[in-house]
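Contents: one structure, followed by commentary.
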Amino acid sequence: PSSEGAKDEL
Amino acid sequence: MNIFRLAGDMTHLASVLVLLLKIHTIKSCAGISLKTQELYALVFATRYLDIFTDFISLYNTTMKLIFLGSSFSIVWYIRNHKIVSRSYDKSQDTFRHYFLIIPCLLLALLVNEKFTFKEVMWAFSIYLEAVAILPQLVLLQRTRNIDNLTGQYVFLLGAYRALYILNWIYRYFTETHYVHWITWVSGLVQTLLYADFFYYYFESWKNNKKLQLPA
């Protein structure tokens, strides 16, 4: 899911 | 991970270390806004709620712990340390940061990736970080002579998000479906808020003059 992408950033 | 994001994280880490260096070695927080430090502690507290539930990498967890630990200890230092707290000028640091928290919370309730507690808190932290520097910038305009460490701190803090923008551009072109309007728009607003500071910071560095922001 797209939100995973954002959550790997600090 | 790409070079832009790594450079961004290292720049962010450097800004925190510069601030800790200033407060811990010369025991002074002159020119530092406690309001901005409190907002940043809130940003990390609401953004890293998943620190114990979603393990991404050792790097990710380590950096989250560093940012959480440093932001809360800086707030503690300025508020409670007997020597440091004496150099905090409450009468100058008057920005009403609640005026920032409430709108960011409302916006997060309206605009988020999923209407769950964690996602709303995460969106809130993104919006709040975009405006968290405002009390510090207002304080800098009131501070006649900005010391080097304070100037470097604000510069590094602004530069890290500018590097993140390069990271988002890089990921947009190299990863499919990498689109995150919340972080992109907020990150752009955040970086633009530093525009005039960057200008005066660069001018003072070029002309080898003391950094001064016009009131």
Side-chain angles (χ1 to χ4, degrees), chain A, chain B residues 1-2 4-6 8-13 16 43-44 47-51 53-57 59-68 112-116 118-119 121-123 125-126 129 160-161 163-165 167-168 170-172 174-184 186-187:
Chain A
S2 75
S3 73
E4 291 319 306
K7 301 305 180 301
D8 68 352
E9 293 178 349
L10 289 170
Chain B
M1 173 62 83
N2 59 67
F4 303 112
R5 183 145 71 94
L6 183 62
D9 290 342
M10 290 307 107
T11 304
H12 191 187
L13 180 63
V16 161
V43 164
F44 294 133
R47 186 173 305 177
Y48 300 154
L49 293 172
D50 62 351
I51 188 167
T53 54
D54 308 344
F55 179 79
I56 296 190
S57 69
Y59 171 81
N60 185 272
T61 303
T62 308
M63 292 301 281
K64 284 176 177 176
L65 290 172
I66 291 173
F67 288 141
L68 279 167
N112 49 64
E113 290 191 351
K114 221 172 10 185
F115 195 71
T116 64
K118 266 173 66 175
E119 284 293 333
M121 284 292 102
W122 181 80
S125 82
I126 296 291
E129 188 187 1
Y160 115 81
R161 213 61 178 168
L163 288 165
Y164 254 74
I165 291 174
N167 152 65
W168 292 323
Y170 177 85
R171 293 188 76 174
Y172 175 78
T174 56
E175 295 174 32
T176 53
H177 310 307
Y178 185 80
V179 176
H180 292 287
W181 289 110
I182 289 178
T183 46
W184 294 355
S186 304

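Atom CZ of B:F55 has more than 12 neighbouring heavy atoms from other residues, nucleotides or ligands inside a 6.0 Å radius. Remark: B:Y59 OH is packed, more than 12 non-hydrogen atoms of other residues, nucleotides or ligands lying under 6.0 Å away.
Between B:K64 atom NZ and A:L10 atom CG the span is 7.0 Å, to the nearest 0.5 Å.
Using a 4.5 Å cut-off between heavy atoms, B:N60 touches chain A through backbone and side chain atoms alike. Neither the backbone nor the side chain of B:F44 comes within less than 4.5 Å of any heavy atom in chain A.
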Discussion item. Would A:K7 and B:E113 count as a salt bridge (charged side-chain N to carboxylate O under 4.0 Å, His left out) here? Give the steps.
Written reply: CA-CA 11 Å; A:K7 301 305 180 301; B:E113 290 191 351; 3.5 Å; yes
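Between B:N167 and A:E9, the side chains place a donor N or O and an acceptor N or O closer than 3.5 Å (distance only, hydrogens not considered).
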